[in-house]
Visitor: 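Quick one: the structure is below, and I'll ask about it shortly.
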Amino acid sequence: MQPTETRETGSETHGVRSVQRALDILSLLTEERPLITIRDAVAATGLAKTTVIRLIQTLEQIGLLWATSTGYMAGPGLWRWAHLARSSWELPPETKRMMRDLAARDRETVNVYVARDIVRVCIAQQESPQPLRHVVHIGDELPLWAGASAKVLLRNASPALLARVARSSPYGEGHARRLQEWIDEAALLGHAVSHGEREEGLTAVAVPILGRSGTVVAALSLSGPTLRFTDERIDTFARDLKEVAQRMAERGFDHPLGSSF
């Protein structure tokens, strides 16, 4: 008979694994794929069909999935979570108005990112009015090893975190030195610029949004095709971004955000 502690540890590990598998199935639902089948889930997760059926049945029982004649869609139980997330993360109307005005004036896409561990998450966006534009969906996670927003979000990062971010990059742990150089330059200039660091042909300019304590709580950026980001326009974008970020900070930008470091 196994000791009680060993049995409890094994049970906890199994429970965590089951939760992760259930979330993997839920994550298959997207705007482009609002319905999934058991076959889809088996193919995407690599799990046994019996395991997938059990997980889907559990998700359906608690309302997170809803069975239809052709597959499973997001269930009504997700509405409560969606409403909670929206009320917690939605930016104030005045902040969104500032983003709309900035996008209309500079005619490029405006994003607000926050750091979460080794990624940055888009929490707000105002698309460029131009047909050729850069679009990131709200909730998308992008790496912190490159990009203008990453350079300002990592200002207060510890060496240990920078090492982890660097290890997640295509360049390995040695990339931490370059990251620190980028961070230092952004802190000195008050803004950061990136040209094709993560996606070829894409340029971004970003500035920090400060909380009441003076720490960086978010990054405000303008992004679009590199061909439109001339040196003169980059200077204008940086000036406009700093002005808007300052106004956001003056009105208080701590809620719902806090420093990640």
Side-chain angles (χ1 to χ4, degrees), residues 13 16-17 19-21 23-28 30 43-47 108-125 134-211 215-229 231 234 237-238 241 245 257-261:
T13 300
V16 171
R17 186 164 60 246
V19 171
Q20 182 60 61
R21 288 171 170 175
L23 292 174
D24 288 342
I25 290 174
L26 284 176
S27 69
L28 297 176
T30 63
T45 64
L47 297 173
E108 300 296 350
T109 297
V110 180
N111 286 313
V112 175
Y113 291 98
V114 295
R116 187 178 70 82
D117 194 33
I118 61 172
V119 299
R120 50 191 165 109
V121 183
C122 178
I123 65 164
Q125 180 180 91
H134 177 233
V135 177
V136 174
H137 298 295
I138 293 175
D140 280 356
E141 296 182 350
L142 301 179
L144 277 173
W145 51 261
S149 293
K151 297 171 187 179
V152 298
L153 287 171
L154 288 171
R155 178 187 295 183
N156 307 116
S158 67
L161 177 57
L162 285 184
R164 291 179 56 230
V165 171
R167 284 196 296 270
S168 73
S169 77
Y171 313 109
E173 193 163 347
H175 186 54
R177 178 176 297 180
R178 178 179 292 180
L179 281 172
Q180 190 60 64
E181 292 173 352
W182 286 344
I183 295 165
D184 293 342
E185 181 181 19
L188 179 64
L189 297 176
H191 70 273
V193 180
S194 63
H195 295 291
E197 293 173 1
R198 186 184 58 83
E199 185 177 334
E200 187 175 355
L202 174 66
T203 290
V205 184
V207 301
I209 303 174
L210 304 181
T215 58
V216 177
V217 295
L220 178 68
S221 72
L222 281 164
S223 59
T226 299
L227 58 88
R228 293 204 296 255
F229 279 63
D231 290 343
I234 286 174
F237 293 163
L241 284 165
L257 309 173
S259 175
S260 299
F261 309 115

Visitor: Kindly determine whether R178 and E197 satisfy salt bridge (charged side-chain N to carboxylate O under 4.0 Å, His left out), including the steps that lead there.
Guide: CA-CA 12 Å; R178 178 179 292 180; E197 293 173 1; over 6 Å; no
Visitor: Does any non-hydrogen side-chain atom of V217 lie less than 4.5 Å from one of V114?
Guide: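 No - every pair of side-chain heavy atoms lies 4.5 Å or more apart.
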Visitor: Donor-acceptor pair, distance only, cut-off 3.5 Å: does the side chain of S194 make one with the backbone of G147?
Guide: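 Here the side-chain-to-backbone pair does not exist.
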Visitor: Restricting to non-hydrogen atoms, name the atom on W145 and the atom on L179 that form the minimum distance, rounded to 0.1 Å.
Guide: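 Heavy-atom minimum between the residues: O-CD2, 3.6 Å.
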Visitor: Looking at every non-hydrogen atom in both residues, tell me the closest pair between A148 and A204 and how far apart they are.
Guide: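 The answer is CB-O, 3.5 Å.
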Visitor: Just by modelled atom types, is the P143 backbone N or O under 3.5 Å from a matching donor or acceptor in the R120 side chain?
Guide: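 Here the side-chain-to-backbone pair exists.
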Visitor: Taking it one step at a time, do L202 and S223 satisfy side chain to side chain contact (heavy atoms under 4.5 Å, CB included)?
Guide: CA-CA 7 Å; L202 174 66; S223 59; 4.3 Å; yes
Visitor: Quick one: does I183's side chain get under 4.5 Å of Q180's, heavy atoms only?
Guide: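 Yes; the side chains approach each other to less than 4.5 Å.
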Visitor: Less than 4.5 Å apart, any side-chain heavy atom of V136 and any of Q125?
Guide: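 They are in contact (side-chain heavy atoms under 4.5 Å apart), so the answer is yes.
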Visitor: So, taking the atom named CZ in R167 and the one named CD1 in I118, what distance separates them when rounded to the nearest 0.5 Å?
Guide: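 Answer rounded to 0.5 Å: 9.0 Å.
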Visitor: Against T203, only a single residue in E108, H195, R228 fulfils side-chain hydrogen bond (donor to acceptor under 3.5 Å, both in side chains); can you say which?
Guide: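 Output: one option passes, namely H195.
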Visitor: Hey, are the side chains of V207 and V152 touching, using non-hydrogen atoms and a 4.5 Å cut-off?
Guide: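 V207 does not reach V152 side chain to side chain.
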Visitor: Locate the shortest heavy-atom distance separating A218 from V112; write the atom from each residue and the value.
Guide: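 Nearest heavy atoms, A218 then V112: CB-CG1, 4.0 Å.
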Visitor: For E185, I'd like to know if atom CD has over 12 heavy atoms of other residues, nucleotides or ligands within 6.0 Å.
Guide: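 Counting other residues, nucleotides and ligands, CD of E185 stays at 12 neighbours or fewer.
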Visitor: Report yes if the side chains of T215 and L210 come closer than 4.5 Å at any heavy-atom pair, otherwise no.
Guide: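 The answer is no; the side chains never approach within 4.5 Å.
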Visitor: With rounding to the nearest 0.5 Å, note down the distance linking CG in L144 to CG in L154.
Guide: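 Taking CG in L144 and CG in L154, the distance rounds to 5.0 Å.
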Visitor: Of all heavy-atom pairs between A44 and L28, which one has the smallest distance, and what is that distance?
Guide: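 Looking at all heavy atoms of both residues, the shortest contact is CB-CD2, 3.5 Å.
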Visitor: Indicate the atoms forming the closest heavy-atom contact of S169 with G172, along with that distance.
Guide: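 Scanning both residues completely, I find the closest heavy atoms to be OG-N, 3.4 Å.
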Visitor: Rounded to the nearest 0.5 Å, how far apart are NE2 of H134 and CG of L222?
Guide: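 Atom-to-atom, H134:NE2 and L222:CG are 12.0 Å apart.
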Visitor: Give, for atom CD of Q20 and atom OG1 of T45, the distance between the pair rounded to the nearest 0.5 Å.
Guide: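 Here the rounded value is 11.5 Å.
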Visitor: Which heavy-atom pair separates I209 from A245 by the least distance, and what is that distance?
Guide: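 Scanning both residues completely, I find the closest heavy atoms to be CG1-CB, 4.2 Å.
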Visitor: Can you measure from CG (N156) to CG (L161) and round to the nearest 0.5 angstrom?
Guide: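 These two atoms lie 11.0 Å from each other.
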Visitor: How long is the gap from CZ on R21 to CG on L47, to the nearest 0.5 Å?
Guide: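 If we round to the nearest 0.5 Å, R21:CZ and L47:CG are 5.0 Å apart.
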Visitor: Under 3.5 Å, side chain of S149 to main-chain N/O of A219, donor-acceptor pair present?
Guide: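 It does not hold such a pair.
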Visitor: Going through the distances and angles, do L142 and R198 end up as a side chain to side chain contact (heavy atoms under 4.5 Å, CB included)?
Guide: CA-CA 9 Å; L142 301 179; R198 186 184 58 83; 3.8 Å; yes
